[in-house]
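Computed from a predicted structure; not experimentally measured. When a ligand or atom number is given, it counts from 1 through the structure's own listing order.
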Amino acid sequence: MSNEKDMSEEEYLKKHLSSIEGSNDNFSNTDIPFVAQPKVDTTKASDLQYFNFNVQELPCGEFYPTGTLFMVRPAKVKEIQSYSMVDDNNFYDIVEKMNDMLQSCVRIKYPDGKFGTYLDIKDQDRLFIIFLIRELTFQQGNNLVVGAKCPVCSSEMSLELKRENFVYHPVDEKLDKYFSLSSRSYHFSTVNGRNFELTPPNIGLQKAFTDYILKENNEKRTPNLSFLKIIPFMLYGRTTITYEGIKAKLREFEEIDDISFQFLNAAVSKMTFGIKELKKNCSCGEEVHTEMQFPNGASGIFVIHDAFEAYIKE
Ligand SMILES: [Zn+2]
């Protein structure tokens, strides 16, 4: 298992379960100092100004209807206050606080004129949009950076956590020909005569499954991890599912034939989207890559690490 910090369902579950057990060190605190890089920027946003954003730029962009518009605004102080209380050692809380931020700052408009909510956002797009909100919120700079060394000329580099430096997980090209442009999902037919439609789950489903996992844990039942890995990808068109609905899906899943299970397990394993790593060109021309991580923990995305030093009047 890699230690990438994106939130594929599988990673999410593992991190979630490990945080329940109280042994979570998934978000390294490397204590890299906040680097202020003030720049001249005349596009100062007012609190309520929304910026239109092309969904095609998102890691899961192709899974939204063509013409879908995301409207994103900067975080207000009260939203940053709420986010600032995130428990950096609790993956569940990090996801919850990020979801709250998306709920406040993102509006979705579909090409048919209907509006969606943050629950429609693909789970694996969460982190990207959080960083988009961060860019809009801190337009005067306040870069989060990860240090790296150029393997060619040994220069010390600072890779900023911002969109232009993000590298996404590559999509397995074997999936391409099964993608339907009309439904924006994958359609597979298997040798045993079954048909499956798969699409990355949205935040609405993620929340429903998180509630399910918590309930099972509270009642001392061990969730079926294979089920939790695969089934959220099989709920096309839904933004929620009840506890009883999940139980019914679990009973179906436990009765599934061998070929279908093996196929689905392999197909979902190919559906890792989101931010894989950071990259930036060194002055020597080499493209330097480094692992995606949160300097100063997940709270550091919106809480300025050394605000005391930065803002005290000497
Ligand atoms: Zn170099």
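For the Zn ion (ligand 1), protein N, O or S atoms under 2.8 Å: 4 in total.
For residues 99-124, no pair satisfies ring-ring contact (aromatic ring centres under 6.0 Å, His included), with sequence neighbours left out.
Think of Phe308 as one node in a network of Ile, Leu, Val, Met, Phe, Trp and Tyr side chains linked at under 4.5 Å; its network also takes in Ile312. In the hydrophobic clustering, Ile259 connects to Val191, either directly or through intervening members, whenever side-chain heavy atoms lie under 4.5 Å apart.
When all heavy atoms of Ser269 and Asn265 are compared, the closest pair comes out as OG-O, 2.8 Å.
Aromatic ring orientation, Phe188 versus Tyr186: parallel (interplanar angle below 30°, classes split at 30° and 60°).
Within a 6.0 Å radius of NZ in Lys109, no more than 12 heavy atoms belonging to other residues, nucleotides or ligands are found.
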